[in-house]
Amino acid sequence: MEENMRNIYVHRAILEQKLKLESSSRYRKCRLSGKQVRCVDVYLIAAELFREAPMAARIASLQLDGNLLGPEGAGVLMDEIVCNPATRSLVKLDLSNNPRLGI
């Protein structure tokens, strides 16, 4: 049950950011700080926020500090988001306070 609640909480946080990005072309930050984002959730972030080129191109800052990311999630983040040509505007990535990354 706890795992289901965490999944819903993280999914809701991602969709809230997607709504903000879709509703305002001036909104350029994706704030997922302290939302209990895990490695498996990075795939959802990539799918919801970075698959469509117009939205991905607008995001300048991705804040993932204070979460539960580990090395696997960081790898997916690099492959699916940071190295994605559509994310040309992404200039800030905050991974601080992710104990499983050692930072």
Side-chain angles (χ1 to χ4, degrees):
M1 180 151 162
E2 183 178 332
E3 191 68 22
N4 286 340
M5 294 205 45
R6 180 177 288 129
N7 289 337
I8 292 167
Y9 178 72
V10 172
H11 196 172
R12 180 176 183 261
I14 293 168
L15 292 177
E16 283 177 350
Q17 291 302 301
K18 183 177 182 178
L19 180 61
K20 286 181 181 182
L21 288 160
E22 288 177 336
S23 62
S24 173
S25 61
R26 293 177 35 185
Y27 193 77
R28 298 178 46 99
K29 293 182 181 179
C30 181
R31 295 182 174 137
L32 293 169
S33 303
K35 299 295 184 184
Q36 299 186 22
V37 175
R38 298 153 299 160
C39 297
V40 298
D41 301 318
V42 177
Y43 292 104
L44 183 59
I45 293 168
E48 292 290 345
L49 303 174
F50 292 94
R51 289 272 190 257
E52 296 178 21
M55 186 182 312
R58 272 202 341 263
I59 299 173
S61 174
L62 178 56
Q63 298 170 331
L64 290 167
D65 54 304
N67 283 293
L68 305 171
L69 293 173
E72 179 187 333
V76 172
L77 184 66
M78 293 303 293
D79 293 341
E80 298 290 325
I81 297 172
V82 175
C83 294
N84 181 344
T87 61
R88 60 187 172 271
S89 297
L90 185 64
V91 294
K92 182 178 181 187
L93 173 62
D94 188 352
L95 294 174
S96 62
N97 298 317
N98 276 279
R100 295 178 182 169
L101 285 175
I103 53 175

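Predicted model only: the values in this text are computed from it and were never measured. Residues take their numbers from the sequence shown, with the count starting at 1.
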- Item | Shortest non-hydrogen contact from Leu68 toward Arg6 | CD1-NE, 4.2 Å
- Message: Under 4.0 Å between a side-chain nitrogen and a carboxylate oxygen: does that hold for Lys20 and Glu16?
- Response: no
- Note on the structure: Heavy-atom closest pair (Gly70 atom, Cys39 atom, distance to 0.1 Å) is N-SG, 3.3 Å
- If you measure from the Lys or Arg side-chain nitrogens to the Asp or Glu carboxylate oxygens, is any gap between Glu72 and Arg100 under 4.0 Å? no
- Message: If you define the side chain from C-beta out and look only at heavy atoms, does anything of Leu44 sit under 4.5 Å from His11?
- Response: yes
- Task: List the steps, then state whether side-chain contact (heavy atoms from CB on, under 4.5 Å) holds for Lys92 with Arg28.
- Result: CA-CA 11 Å; Lys92 182 178 181 187; Arg28 298 178 46 99; over 6 Å; no
- Query: SG/Cys30 to CE/Met55 distance, rounded to the nearest 0.5 angstrom?
  - Reply: 9.5 Å
- For residues Leu64 and Ile45, determine if any side-chain heavy atom of one lies less than 4.5 Å from a side-chain heavy atom of the other. yes
- Item | Nearest heavy atoms of Gln17 and Arg31, plus distance in Å | OE1-N, 2.9 Å
- Item | same_hphob_cluster(Leu90, Met78) at 4.5 Å side-chain heavy-atom cutoff | yes
- Task: Answer yes or no: is there a side-chain heavy-atom contact under 4.5 Å between Leu77 and Leu62?
- Result: yes
- Task: For the pair Asp79 (side chain) and Val76 (backbone), establish whether a donor and an acceptor sit closer than 3.5 Å, ignoring hydrogens and angles.
- Result: no
- Query: Tell me, do Glu52 and Leu21 make a side-chain contact under 4.5 Å, heavy atoms counted?
  - Reply: no
- Task: Treat each ILVMFWY residue as a node, draw an edge where side-chain heavy atoms are under 4.5 Å apart, and state whether Val82 and Ile14 are in one component.
- Result: yes
- Item | Closest non-hydrogen atom pair, Phe50 against Thr87 | CD2-CG2, 3.3 Å
- With rounding to the nearest 0.5 Å, note down the distance linking CD in Glu80 to OH in Tyr43. 7.0 Å
- Message: As an exercise, state the distance from CD of Glu2 to CG of Asn4, rounded to the nearest 0.5 Å.
- Response: 10.5 Å
- Message: Given 3.5 Å as the limit, does a donor-acceptor pair link the side chain of Asn67 with the main chain of Asn98, or not?
- Response: no
- Please answer whether the main-chain N or O of Asp65 pairs with a side-chain N or O of Asp94 as donor and acceptor at a distance below 3.5 Å. no
- Item | Side-chain heavy-atom pair Pro71, Leu101 within 4.5 angstrom cut-off | yes
- Query: Does the side chain of Arg58 reach to within under 4.5 Å of the side chain of Tyr27, using non-hydrogen atoms?
  - Reply: no
- Within the side chain of Ser89, is there an N or O that forms a donor-acceptor pair under 3.5 Å with the backbone of Ala57? yes
